[in-house]
Protein chains: 2
Amino acid sequence: MHGKGPWWQEKFTQNCVRVTAAREVIINILHDTPDHLSASDIYMKVHVTNPDIGLTTIYRTLELLEQMRIVQKFDFGDGHARYELLNNPGGKGHHHHLICVKCKKIIDYKDFIDEEVNCLGKTQDFLSQKYNFHINDHLVSFYGFCENCKSES
Amino acid sequence: MHGKGPWWQEKFTQNCVRVTAAREVIINILHDTPDHLSASDIYMKVHVTNPDIGLTTIYRTLELLEQMRIVQKFDFGDGHARYELLNNPGGKGHHHHLICVKCKKIIDYKDFIDEEVNCLGKTQDFLSQKYNFHINDHLVSFYGFCENCKSES
DNA sequence: GGATTATTGAAAATGGTTTTCATTACTACA
DNA sequence: TGTAGTAATGAAAACCATTTTCAATAATCC
């Protein structure tokens with residue numbers, strides 16, 4: 001906006017955190033890729049262009065980014081945590097989830113998202129005040145059986 | 001209601017699953033205890049009265065109960081999956097979550113739950129049809145920094 | 001430059017969860 | 001009642017995502 005570099009850089013300097021190649025690459029991949037990347041997903045993508053970056057660094061960076069509120073960590077219960085950019089200007093946009101408890105398939109949906117987000121916004125305002133939280137994101141997931149799995153059981 | 005035994009027993013017979021002492025004890029504990037029990041929480045409680053029941057059985061039973069839609073598994077990202085009864089007549093009731101991403105504190109809230117659930121119900125109906133899912137539960141969590149943690153960062 | 005501090009990779013450790021396997025308990029059926 | 005077949009179980013081992021350790025390297029501050 002002011003030609004000073006990526007939007008997240010000020011968060012780094014604010015927190016006295018250095019902008020390194022590894023961190024830049026990881027953020028770029030999160031920015032360019034559809035959602036739900038796990039740490040090893042990211043590792044494999046990073047590895048193509050930067051084979052010198054280890055998995056440990058991926059984990060450390062993701063935790064750092066989570067603390068700085070650049071990234072949101074989610075856990076859908078399939079054994080891998082997933083990460084997505086919180087404040088992604090060019091990204092896919094906000095969505096909710098529909099999860100099959102049997103085959104673990106995850107569907108992202110955006111239908112009704114406006115109505116939902118509107119309603120959740122009111123809740124968020126209320127909760128922020130009542131519990132004195134600084135809320136910056138939410139997760140909405142529906143659980144059930146998908147087309148295939150519901151006929152089997 | 002009809003004096004035939006607990007509400008979940010028919011689900012067992014429907015699925016040709018035997019009602020064993022271990023399963024009964026686990027369900028009772030889930031019924032009698034406030035939410036968010038992890039597998040090892042349950043194990044420790046079970047161990048008091050039934051020291052012969054192993055942790056493996058706890059995990060196996062919980063997975064079974066999840067498949068039978070008696071229990072819902074949640075993962076808040078703190079390293080332990082949590083379980084709660086889906087259709088708990090005498091239980092604490094439905095609630096949503098407010099989670100601190102820094103200290104991992106989880107607050108259950110029921111404020112605004114009616115408005116939220118009403119709104120989510122419409123979404124659920126829509127999604128069920130569009131994606132041909134059999135939806136039986138949802139998870140709503142707000143993420144942010146709690147009173148203590150937001151002043152530190 | 002030189003000291004301090006942050007960052008990193010490899011390997012090892014951790015710890016929740018799952019699998020294996022041999023044993024036991026239940027059920028169906030004669 | 002036996003007896004076969006199947007389900008359920010515990011203990012130990014395996015699994016695997018994530019964290020920690022530790023020694024080496026890179027950036028920053030004077």
Side-chain angles (χ1 to χ4, degrees), chain A residues 5 8-9 11-27 36-68 70-83 101-104, chain B residues 8-9 11-27 36-47 49-68 70-83 101-104:
Chain A
W8 41 262
Q9 278 200 359
K11 298 211 177 197
F12 276 65
T13 52
Q14 268 172 24
N15 290 280
C16 302
V17 166
R18 295 178 189 162
V19 178
T20 65
R23 290 168 180 172
E24 217 156 355
V25 171
I26 291 170
I27 290 179
H36 304 153
L37 290 182
S38 69
S40 62
D41 288 340
I42 295 168
Y43 173 72
M44 287 185 294
K45 283 177 178 293
V46 166
H47 199 75
V48 174
T49 55
N50 301 61
D52 48 328
I53 295 176
L55 184 55
T56 310
T57 299
I58 306 288
Y59 277 107
R60 270 192 290 234
T61 301
L62 288 170
E63 192 189 343
L64 187 73
L65 295 177
E66 191 193 358
Q67 296 292 334
M68 290 196 292
I70 291 171
V71 146
Q72 176 74 47
K73 177 183 182 182
F74 292 121
D75 204 317
F76 297 111
D78 64 343
H80 320 263
R82 313 293 183 124
Y83 301 84
V101 299
K102 187 148 186 190
C103 71
K104 310 292 183 188
Chain B
W8 41 263
Q9 277 200 359
K11 298 212 178 197
F12 276 63
T13 52
Q14 267 172 24
N15 290 280
C16 300
V17 166
R18 294 177 189 164
V19 178
T20 66
R23 292 168 180 174
E24 216 156 355
V25 172
I26 290 170
I27 291 179
H36 305 153
L37 290 182
S38 69
S40 62
D41 288 340
I42 295 168
Y43 173 71
M44 287 186 292
K45 283 177 179 292
V46 166
H47 199 75
T49 55
N50 300 62
D52 48 326
I53 295 177
L55 185 55
T56 310
T57 299
I58 307 288
Y59 277 107
R60 270 193 289 233
T61 301
L62 288 170
E63 192 189 344
L64 187 72
L65 295 177
E66 192 193 359
Q67 297 290 333
M68 288 197 293
I70 291 170
V71 147
Q72 176 73 47
K73 178 183 183 182
F74 292 121
D75 204 318
F76 296 111
D78 64 342
H80 320 262
R82 314 294 184 122
Y83 302 84
V101 299
K102 187 148 187 190
C103 71
K104 311 292 184 188

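Residue numbers begin at 1 in each chain, while the letters A, B, ... track the order of the sequences.
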Give every pair of a protein N or O atom and an N or O atom of nucleotides 25-27 of chain D that lie under 3.5 Å apart, one pair per line with the distance.
none

Short side-chain N/O contact to D:dA7 OP1/OP2 from B:Thr20, under 4.0 Å: no

Atom [atom1] of [X] to atom [atom2] of [N]: distance rounded to whole Å?
X: B:Ile58; N: D:dT9; atom1: CD1; atom2: C1'; answer: 12 Å
X: A:Asn50; N: C:dT8; atom1: CG; atom2: P; answer: 12 Å
X: B:Leu62; N: C:dT18; atom1: CG; atom2: C1'; answer: 13 Å
X: A:Asn15; N: C:dA6; atom1: CG; atom2: C1'; answer: 14 Å
X: B:Tyr43; N: C:dT17; atom1: OH; atom2: C1'; answer: 15 Å
X: B:Phe12; N: D:dA7; atom1: CZ; atom2: P; answer: 15 Å
X: A:Met68; N: C:dT7; atom1: CE; atom2: C1'; answer: 13 Å
X: A:Glu24; N: C:dT7; atom1: CD; atom2: C1'; answer: 15 Å

List in chain and number order the residues that pass side-chain hydrogen bond (donor to acceptor under 3.5 Å, both in side chains) with [X], two or more places apart in sequence or in another chain; answer none if no residue qualifies.
X: A:Asp52; result: none
X: A:His80; result: none
X: A:Asn50; result: none
X: B:Arg82; result: B:Asp78

Contact check, side chains of A:Lys73 and A:Leu62, non-hydrogen atoms, under 4.5 Å: no

Sub-4.5 Å side-chain heavy-atom contact between B:Ile70 and B:Phe12: yes

Nucleotide-resolved protein contact map, nucleotides 13-20 of chain D, B/S/- at heavy-atom distance under 4.0 Å: ----SSBB

B:Phe76: partners by ring pair (Phe, Tyr, Trp, His ring centres under 6.0 Å), with sequence neighbours left out: B:His36, B:His97

Sequence-distant partners of B:Met44, side-chain contact (heavy atoms from CB on, under 4.5 Å), two or more places apart: B:Asp41

Partner set under side-chain contact (heavy atoms from CB on, under 4.5 Å) for B:Tyr43, not counting sequence neighbours: B:His47, B:Leu55, B:Ile58

